[in-house]
Each structure stands twice: as structure tokens, then as C-alpha cells.
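One structure below.
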2 protein chains.
Amino acid sequence: MGTTQLESVPEPKYWHLRTVLTEALESEFSVGEILPNERDLAARFGVARATLRQALEQLELEGRLQRRRGVGTTVAPPRVGVAVGTEQHAWPGAADDVWQPADCTLAVPPASVADALETGRDEAVHIVRRSRVTHGQPVAAELLYIPQSSVPDLTAIDTPSGAARARAVLRELQRRELEGQENAVELGSARADDAKELDRLPGAPVLVVTTRYIAEGRTAALSVATYRADTCRLTFGDSGGVEIHQDPERRAS
Amino acid sequence: MGTTQLESVPEPKYWHLRTVLTEALESEFSVGEILPNERDLAARFGVARATLRQALEQLELEGRLQRRRGVGTTVAPPRVGVAVGTEQHAWPGAADDVWQPADCTLAVPPASVADALETGRDEAVHIVRRSRVTHGQPVAAELLYIPQSSVPDLTAIDTPSGAARARAVLRELQRRELEGQENAVELGSARADDAKELDRLPGAPVLVVTTRYIAEGRTAALSVATYRADTCRLTFGDSGGVEIHQDPERRAS
DNA sequence: AAGTGGTCTAGACCACGAA
DNA sequence: TCGTGGTCTAGACCACTTC
């Protein structure tokens, strides 16, 4: 189609395409509907497939589309509000906890974790794997690092294996007095194993929530939770799941 | 180098490249150092430039690299911890506030904002633009929506224009009793104007923090703050800026 | 003017899911 | 087996910064 003269200050094609598609999604498509395939869409808009894909990637990042290899591209439902850190003064594994313990091992954590826990860099800690499911969809995978000193009364005889062992460790943790917790959120990319659990490809964008549980002035446990960035909106503070529905890309100027 | 036989389950080239580059960054480069240009790097690794770029994009997303058109690719410093919602019971504009008011207009907000504020969809509200700078770098741009009913004593005579007017509106807001606030975080992409303020390109990944300020049982103000996802780690809770330095991509398995 | 990253193209082949 | 999205290539040109 040759050179286009879309704008006086030429906006990238993929950006313009993203805008056009956004409007089309809101007016002509409903949630769950399947879009035409990438080759057809690219032809329809007169761009290369790579350019079309760049626009789709943006929309997927913003949680408006969901793409699955071998299946197709569908219109995504609105992001789910996921409460984080509302159990402000509860240990992981408390009664109202939404996490499913999956496994527990005893191993040496990465150096950065050891430093935060103030354990030696060669010291093994309990590593509990948990997953979080909302509305039938997996939304997060977590690694919980618990120094052996935080669960001193745990004996080998108590701890069979797998999820049962994870629960035993968490139960022991409850016995200590929790003084507070600190949360941090940052953008990351899913490692291969997390990606698999979250039903995404490696490198998919995730929100990494790091929580430090503090007891007796020290870090008694460290949680690193990996949330799907495309489907989740993390809520903090007083009342969690209130629907604000602020769309991060369509605001007044 | 022809076809590679890296893995029995073939890992994508860009993903492998990302791993190799991550290790190289940690062992052979220091913060601020300039990498070879993309064409040279691609040739060195025997891949197409597009593939190399896919790996660099990942690393930039993870906050390890910084790329600037016309300049080059540099090793990024560790993400800065940015406290969010620690002023848990303070209005925006309080004494210790880190935001710089830039402007203030009176306009009709987007429908989603009007709904959250419980104002009519055609009702104009004060819109305060503020920016946040840390370590000399812009990290966030904010739009604050304040219904006129939240600052009833504000008179036209008090409000000249620009930053001064923004400060006047915030000052009026302080007079009300704040009951609480709610925060939500999600991934978004920077609009053109935010991108410019954050020194990024349109579509750059951002963490969108939506805060609802509650007074007298109603939403008295709504803040939508856009943080650079590549350079920021948002901290919540008791004590803000503690360095945990958890690297979101290099954890034990 | 030279060099950088950003955009775009037109192909090819692969991995996966469903029929 | 077929259709989907995912990866990869080898180019071209553009926008921006610096000299």
C-alpha cells in the first residue's frame, strides 16, 4: 500500500492500529468472542503480520485480549481484583487464606533471599510452593521461604511430604507472633516453571509481589508471589475487592 | 553457526539469549556502561537483529537495561523503591508529600472515573496534574480527580491558574476528614502525554496505581498515578524503602 | 554526517490444539 | 491433518542524538 499519510507527526502504525482495535473491541465485540486470525487481520488493515502482532501484544499486555497458540485470539474479560496484603496481620496459611499449598522442600535459597532472611548464604530453608486460583483460573504462583529458625519445633516425624508437609510448616509458623509485613510490587517476566503453572509462555509479564513477614524484629518469612499481569489488578488497603474499573489506557487528557 | 541443538526441548533463541545476556551483565558489565550496538550484538550471537531485540526488550522490561534512541543501550541501576500508600491516612498534598503539582483544570472526567466518584457523567471536576521525581529522574505522572463538592469553599478568586491553583485545591481538600484509602495496582501502557513526561516512548509498560480517598463514606478524590515499570519497585505497608532487592527472575526452583 | 535504537516488511518454519 | 499463534530471518527505512 506504499507510504501512508496518517498524521502530520507520524504516529507508529502499530500504535494507531492499537487504538483502532481498542475501539473496535469496545463497540463490535463481546467478551470471549474470537477475533479473526492474525494473517487475515493483517491483510484487512494492510500491514505486515509482525506489525499487527505488535498491536495485539500491547492489547494483551493491557488485559484486553487473550491469545492462545493453536486456538486463537479472544476478547478478555475485565481484570479481576485480587486482594493482596489485606491479611495485614496474619501469617500465610491462616484460616481465611486463599492460597493452596502444593509442595515443600528444604533447600538453599538464592543469595538475595538469604540476605533478606538474614540467614547464611549456604543455609537451607523451607521452601513452600503455593498457588492461587480465582474464578477457576490460576492467577498466581508463590514461593515462600521460611528459615528453619522460624519453625524450631518442626520435627522430621511431623513432616511427611508434599502438600501435607507444606501445611505442617505453615501451622508451625502460626505459633509465632507476627509484628508486621512489608509488600513490594514490581514488573517481572515469568520463569519457565511459573509460566507453566500460570498457563502462559515463558517471559510473560507478571507482577511480582514480595512480602516480608516480620516477627521479633527479624524477617521470619519471605514470600515471592508471581501474578499474571494480564488478568490481575492487585488491590491493597482497607477494603479489597471494590470495583473501580479504571481503565489504564483511556483517561481524559 | 547454522542450526543449534541447545536443548532436547528447544528453548526459543531469544529466551536463551536473554539468559546469556543476563549472566554477562552480572559478571562483565557495571551500571551505566554502554553495550555494543544491536547490529554488532546480533552478529556476535549469530541471530537476526529482531531476535536480539526481543531479548533486549525482556531485559529492559525487567529493569536491567535502558535503551535510548540515538544514544545506545546501557546497564540500568537497580530499581528504586518507591513508597506508595504509606501516607495511609493523609490527603494528597500533605506536608510530607513527594508530588509536585503541575497544573489544574476543571473538566468532565472519563465515565469510569465519574462512576467511581459518584458524580454525574456530565459533571466537571477539578483535575490536578502532578509529577513525582526521585533521584533526579521522573518516576510517575498522576491525575487527581476531585469533585467540586469535595472542595466547596473554593472560590474563583482564590484560584489563579497552573500550579498555584493546584495547590489551592489541595489545600482545601486538607480541611476535610480523611477516613481511609484504597489502592489498586495493575499493568498498563503509557499514553503519549504520560510517556513524554516519563521520558519514555508511547506504549511503554507502566504500573498504574489507582487510589480512592474516602471521606464521609464517599469517594472524595480519585488518583490515577502512572509509574515507570522499568525503573520502579512500589513498596506498600509499614516501612517503605527497605531494600530487599529480590530479583524477579533469578529464584531457586 | 554518522551512528544509534525504533518501525516495518514479506516471507519461512515450528509448536500446539482441535477435529 | 489443519489452522492457530509463536519464532526467526534479512533486509529497508525512519527518528533521534551527538559530533
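These numbers come from a predicted model, not from an experiment.
For residues 29-42 of chain A, every residue pair satisfying the salt bridge (Lys or Arg N to Asp or Glu O under 4.0 Å) rule, not counting sequence neighbours, is listed here: Glu38(A)-Arg49(A), Glu38(A)-Arg53(A), Glu38(A)-Arg67(A).
A donor-acceptor pair under 3.5 Å is formed between the side chain of Thr22(B) and the backbone N or O of Arg18(B).
In this structure, the side-chain contact (heavy atoms from CB on, under 4.5 Å) partners of Ser131(A), at least two apart in sequence or on a different chain, are Gln100(A), Glu197(A). Partners of Val71(B) by side-chain contact (heavy atoms from CB on, under 4.5 Å), not counting sequence neighbours, listed by chain and number: Arg68(B). For Asp115(B), the side-chain contact (heavy atoms from CB on, under 4.5 Å) test picks out Arg121(B), with sequence neighbours left out. Qualifying side-chain contact (heavy atoms from CB on, under 4.5 Å) partners for Val133(B), counting only residues two or more places apart in sequence or in other chains: none. Scanning for salt bridge (Lys or Arg N to Asp or Glu O under 4.0 Å) contacts around Arg228(B) gives Asp230(B), with sequence neighbours left out. Evaluation of the side-chain hydrogen bond (donor to acceptor under 3.5 Å, both in side chains) rule for Ser223(A) yields Glu142(A) as partners, not counting sequence neighbours.
When each of Ala50(B) and Arg39(B) is assigned the nucleotide of DNA chain C bearing its nearest heavy atom, the one mapping closer to the 5' terminus is Arg39(B). Residue whose closest nucleotide on DNA chain D sits further toward the 5' end, between Thr51(B) and Glu60(A): Glu60(A).
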Atom pairs, N/O to N/O, protein against nucleotides 15-19 of chain C, distance under 3.5 Å?
from, atom 1, to, atom 2, distance (Å)
dA15(C), O4', Arg69(A), NH1, 3.4

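Checking the phosphate oxygens (OP1, OP2) of dT4(C), no side-chain nitrogen or oxygen of Thr73(B) falls inside 4.0 Å.
Among the atoms of the strands shown, only primed sugar atoms or phosphate atoms (P, OP1, OP2) are found under 4.0 Å from some heavy atom of Leu201(B). Using a 4.0 Å heavy-atom criterion, one finds that Arg68(B) contacts the sugar-phosphate atoms exclusively.
In summary, contact between chain A and DNA chain D, defined as any nucleotide atom under 4.0 Å from a heavy atom of the protein, begins and ends at dG3(D) to dA15(D) in the 5' to 3' direction.
Atom OH of Tyr14(B) is separated from atom P of dC14(C) by 18 Å (rounded to the nearest Å). When rounded to the nearest whole Å, the span between CG of Leu41(B) and P of dG3(C) equals 17 Å.
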